[in-house]
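One structure is given below, encoded as structure tokens.
Proteins get letters first, then strands, A, B, ... in listed order; numbering begins at 1 in each.
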2 protein chains.
Amino acid sequence: MNSIDTRTQILDIAQDLVQRVGVNAMSYQDISEAVGIRKASIHYYFPSKDDLVAALLDRYNDYFLRLVDGIIAQPDSAEVKLRRYCSLFEATLSSGNGDKACLYGMVGAELVTLKHPLVERVTTFYRDNEARLGQILNQGRESGEFGFVGDPQAMAALIFSLLEGGFLVARAHGGATQYRAIVEQLMQLVKG
Amino acid sequence: MNSIDTRTQILDIAQDLVQRVGVNAMSYQDISEAVGIRKASIHYYFPSKDDLVAALLDRYNDYFLRLVDGIIAQPDSAEVKLRRYCSLFEATLSSGNGDKACLYGMVGAELVTLKHPLVERVTTFYRDNEARLGQILNQGRESGEFGFVGDPQAMAALIFSLLEGGFLVARAHGGATQYRAIVEQLMQLVKG
DNA sequence: GTCTATAGCGCGATAGAC
DNA sequence: GTCTATCGCGCTATAGAC
């Protein structure tokens with residue numbers, strides 16, 4: 001099963017690189033040095049760079065949405081669920097050094113330079129996340145925990161944009177502390 | 001003054017490219033084709049790519065902050081000022097095709113790939129914008145227009161992250177309509 | 001100021017030995 | 001599966017003619 005291990009190592013390193021420097025600045029050369037194989041060997045697992053990025057996005061999508069669904073399925077209050085959702089993002093920001101952004105946030109910034117099958121993955125990820133945020137907000141509205149004004153779906157879109165943006169801004173200015181302050185301010189607004 | 005015109009043309013085209021595809025994907029070749037000169041001639045005005053990007057950021061910083069200061073100086077309500085501030089962003093999103101992001105948002109996403117004198121410009125731009133948003137929010141708090149809970153400076157940081165993120169997300173999903181809906185939802189939250 | 005020409009590098013990708 | 005070797009491209013940047 002050495003081949004599976006190598007494939008996973010490549011994906012892990014590639015994801016780390018994309019989260020730091022973006023898709024365009026990530027190269028087979030960088031990956032090969034970090035993994036300890038030659039860059040030609042990477043083409044054995046991922047013939048083209050688009051194949052690699054697609055695999056990256058699919059793996060992250062499955063991983064992330066499964067975590068989110070796990071949070072939603074728990075019998076917790078809506079506030080706890082929303083806080084946990086925001087923490088999913090923060091965990092990435094804090095892991096390793098503080099210079100990693102959300103994978104889909106980075107890819108979204110470079111969206112125009114991507115080919116079509118990749119673009120659709122990004123829009124789908126955004127839509128799915130907003131839908132799940134909407135579920136949490138609806139629960140909070142019904143239970144009376146959340147008293148924010150306006151449409152829950154509009155609020156879900158706002159929160160998702162806020163978290164993606166908060167990630168990128170925090171990297172330049174304030175770091176995890178600033179991100180946490182923003183989430184705290186958000187919680188106050190949602191409770192209303 | 002033909003030289004000044006050419007220099008401005010280069011900056012205009014380069015800015016448009018960075019807002020669409022990012023710093024790393026923007027090339028002297030792309031610029032030369034759009035301006036109608038050879039790429040070697042661009043080096044006459046901007047010896048290195050870092051020189052070009054620095055000039056780009058400085059010009060945009062001056063232009064944008066002057067607009068913001070103009071908005072703040074007017075004898076308008078805080079709500080009008082905040083709406084105008086958000087519209088500054090939206091104007092960029094709508095200009096040309098809908099696939100442009102905020103210049104500093106794009107550069108922020110690629111922050112890790114930038115050299116140091118450029119990084120500082122980005123952090124300064126973020127800080128200056130949050131400070132000005134804080135001014136507007138304070139005015140609204142004092143006049144009684146804004147009833148949001150929490151610290152105005154934390155709220156300013158939240159709004160700035162939201163607008164930068166809203167930009168990037170809207171490009172992938174929903175466009176100017178989605179961005180406008182987010183701003184509308186924000187206004188409701190700020191009024192409290 | 002703008003041009004042609006070119007250097008030098010890193011990139012994604014492929015062929016073929018082992 | 002992993003390697004060496006190499007191709008062809010696009011990039012930033014420079015030298016020097018006009």
Can the positive tip of A/R141 be found less than 6.0 Å from the middle of the six-membered ring of A/F148, inside 45° of the ring normal?
yes
Ordered by number, residues from residues 31-38 of chain A within less than 4.0 Å of DNA chain D (heavy atoms) are A/I37, A/R38
Using five base pairs at each end, measure the axis-to-axis angle across the helix from C/dG1-D/dC18 to C/dC18-D/dG1 and round it to 10 degrees.
0°
Under 4.0 Å: is that the gap between some side-chain N or O of A/S27 and OP1 or OP2 of C/dG10?
no
Using modelled atom types only, decide if a donor and an acceptor are shared between the side chain of A/T123 and the backbone of A/E120 within a distance under 3.5 Å.
yes
Quick check on the hydrophobic clustering: are B/V149 and B/L158 connected, directly or via other members, by side-chain heavy-atom contacts under 4.5 Å?
no
Respond yes when some side-chain nitrogen or oxygen of A/T6 is under 4.0 Å from OP1 or OP2 of D/dG1, and no when none is.
no
Has B/R38 got its NZ or CZ under 6.0 Å from the middle of the six-membered ring of B/Y28, at an angle within 45 degrees of the ring axis?
no
Which whole-number value in Å describes the distance from B/R7 CZ to C/dT2 C1'?
17 Å
Nucleotide by nucleotide, 5' to 3', does protein get under 4.0 Å of the base (B), only the sugar-phosphate (S), or neither (-) in nucleotides 13-18 of chain D, counting heavy atoms?
BB----
Just by distance, do the side chain of B/Q19 and the backbone of B/K100 share a donor-acceptor pair under 3.5 Å?
no
In whole Å, what is the span from the CG atom of A/L17 to the C1' atom of C/dG12?
16 Å
Under 3.5 Å, is there a donor-acceptor pair between the side chain of A/S41 and the main chain of A/I37?
no
How long is the gap from CG on A/N24 to CD on A/E110, to the nearest 0.5 Å?
4.0 Å
For C/dT2, does either OP1 or OP2 sit under 4.0 Å from a side-chain N or O belonging to B/Y45?
yes
Assess whether salt bridge (Lys or Arg N to Asp or Glu O under 4.0 Å) is satisfied between B/R171 and B/D99, documenting all intermediate values.
CA-CA 6 Å; B/R171 218 161 50 133; B/D99 53 0; over 6 Å; no
